[in-house]
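One structure below.
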Amino acid sequence: MTHFSQKLFALTLGVMTLLSCQRDPLQVDTSRVSVDMEFARFDQAFFGTPAEQLPSELPQIQEDFPEFFLTSQTDQEWIAVHQDPLLNDLYSKVADVYPDLEGLRPDITSILEHRNFYYPMAPSKARVITYISGLDWEYPIIAADSLYFIGLDLFLGPDSSYGQFPRYIAARFSPEYLAPKFARQLAEPLVAIQRQSTSFLTQMLYEGRVLYLMEAFMPDAEKHLIMEYTPEELSWCEGNEEEIWTFFVEGELLFSNDNGLYDRFIAEAPFSKFFKKVDQESPGRIGRWLGWQIVRSYMAAHPETTLPELAQMSDAQELFKNAQYKPFQ
């Protein structure tokens, strides 16, 4: 090999190594993963049926959607549900925002394909049913094995029928947050937690691992959507990461078992509670975001770790020790 060839080979090898280091490990090839998807609209079949036709159509609706008719409700009780003014108003708005489900299909399908890439034993069939939840905001999406129920009335946009909710909750009732909420429903049951530990670090890293799985299931999604933040809220966290970390460390909060820390930094809230002037500028749930950054640091330092292995790492102290997390510039 000539001296020129040796230099060219070394340069090529260096470029390939650099590109390999820069490759996003979550950008995986799902082309060989197949999920048999079925989308069904109970909201349309039920509330879209005229009142005078419902008694005769109800048996067919029951046959098509047996999942909704497992209780002992009578036909008369279902007819009363059909006449509910709130539910009909919500259905009318849902019909306007979601005339069909074609906008949902690519994201939902991709999330399930990515989940099945990492968890090949997961169900290869999925039935996704949309319905009107009656603004049951704590359960916008319900997952049950290969069945998924999506309350479309909770994804209409922040200005639609949500006046009774706090603004920080209603702000996330928008179509762009539907896919992240769906991904979270898939991720949560897969992530183990150290039940005997109630430390703040354990809670942070549980949430951080859930968010990392969500990121793996939707790797092309913008990061603020995975956190269910606005772009500005995520930017605030990124711009203040060092200060947030310093506050937790200097306050000796990481290994604390103070239950109040969950409410201050992990639970749903309009802002995080540092008990400083900065509180009103901060978004809520910052403990989740910081846990995500620690987990991302761990995975960058340990690329040999598989996603299922990460999900089962319930020992928060061990994960944290090996994360090599350094937010300082």
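Numbers here are sequence positions counted from 1.
- The closest donor-acceptor contact from the side chain of S133 to the backbone of L135 lies under 3.5 Å.
- A continuous path of Ile, Leu, Val, Met, Phe, Trp and Tyr side chains, each step under 4.5 Å between heavy atoms, connects V191 with I142, placing both in one hydrophobic cluster.
- At a threshold of 4.5 Å between non-hydrogen side-chain atoms, the residues P180 and M214 count as touching.
- Enclosure of atom CD in E52 by more than 12 non-hydrogen atoms of other residues, nucleotides or ligands within 6.0 angstrom is indicated.
- To the nearest 0.5 Å, the span separating CD1 on I169 from CD on E228 amounts to 9.0 Å.
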Legend entry - Derivation of the side chain to side chain contact (heavy atoms under 4.5 Å, CB included) call for V94 and Q44: CA-CA 9 Å; V94 163; Q44 199 171 68; over 6 Å; no

Legend entry - Worked verdict on R172 versus E268 for salt bridge (charged side-chain N to carboxylate O under 4.0 Å, His left out): CA-CA 12 Å; R172 308 206 306 273; E268 296 287 358; 2.8 Å; yes

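- For the atom pair OG (S256) and CG (L261), the distance works out to 5.0 Å, reported to the nearest 0.5 Å.
- The aromatic rings of F182 and Y148 are tilted relative to each other, their planes meeting at an angle between 30° and 60°.
- For an aromatic pair to be called close, the ring centres must be under 6.0 Å apart, and W236 with Y229 fails this.
- Under a hydrophobic-cluster definition in which Ile, Leu, Val, Met, Phe, Trp and Tyr are linked whenever side-chain heavy atoms come within less than 4.5 Å, directly or via other members, L225 and L234 are assigned to different clusters.
- The number of heavy-atom neighbours closer than 6.0 Å to OH of Y139, taken from other residues, nucleotides and ligands shown, is 12 or below.
- Listed for the R115 side chain is no donor-acceptor partner under 3.5 Å among the backbone atoms of I111.
- Stacking of K273 on the aromatic ring of F275 is not recorded, the 6.0 Å distance cut-off and the 45° axial limit not both being met.
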Inset, instruction - Test W78 against F69 for ring-ring contact (aromatic ring centres under 6.0 Å, His included), laying out the working first. - result: CA-CA 10 Å; W78 276 107; F69 298 91; 4.6 Å; yes

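- Between F217 and F117 there is no side-chain heavy-atom pair separated by less than 4.5 Å.
- Aromatic ring centres of F68 and F42 lie closer together than 6.0 Å.
- The cationic atom of R285 (NZ for Lys, CZ for Arg) does not lie both less than 6.0 Å from the six-membered ring centre of W289 and within 45° of the ring axis.
- The closest side-chain heavy-atom distance from R296 to E215 is below 4.5 Å.
- Side chains of F173 and L156 form no contact here, defined as non-hydrogen atoms less than 4.5 Å apart.
- Here NE2 of H224 is found 5.5 Å from OH of Y177. Values are rounded to the nearest 0.5 Å.
- With contacts defined as side-chain heavy-atom distances shorter than 4.5 Å, the pair D36/S124 does not qualify.
- The closest side-chain donor-acceptor pair between Q293 and W245, if any, does not fall under 3.5 angstrom.
- F47 places none of its side-chain heavy atoms less than 4.5 Å from the side chain of L90.
- Across I129, D100, I108, a single residue satisfies side chain to side chain contact (heavy atoms under 4.5 Å, CB included) together with F39, and that is I108.
- Considering only heavy atoms from C-beta on, N88 stays 4.5 Å or farther from I132 through its side chain.
- For an aromatic pair to be called close, the ring centres must be under 6.0 Å apart, and F320 with Y325 fails this.
- Under the 6.0 Å cut-off for aromatic ring centres, F200 and Y262 do not qualify, their centroids lying 6.0 Å or more apart.
- Below 30°, between 30° and 60°, or above 60°: for F248 and F274 the angle between ring planes is below 30°, a parallel geometry.
- Side-chain N/O atoms of Q27 and D220 include a donor and acceptor closer than 3.5 Å.
- Under the 4.5 Å side-chain contact rule for hydrophobic residues, F271 and M227 do not share a cluster.
- Looking at K326 and E242, no side-chain N of the basic residue comes within less than 4.0 Å of a carboxylate O on the acidic one, giving no salt bridge.
- Two rings, from Y91 and F46, have their centers 6.0 Å or more apart.
- Note: L54 CG to Q83 CD = 8.5 Å, rounded to the nearest 0.5 Å.
- The OG1 atom of T130 sits 8.0 Å away from the CG atom of L104 when rounded to the nearest 0.5 Å.
- Annotation: the span from H82 atom NE2 to I79 atom CD1 amounts to 9.0 Å, rounded to 0.5 Å.
- In this structure, V28 is a member of the same hydrophobic cluster as V35, with clusters built from ILVMFWY side-chain heavy atoms closer than 4.5 Å.
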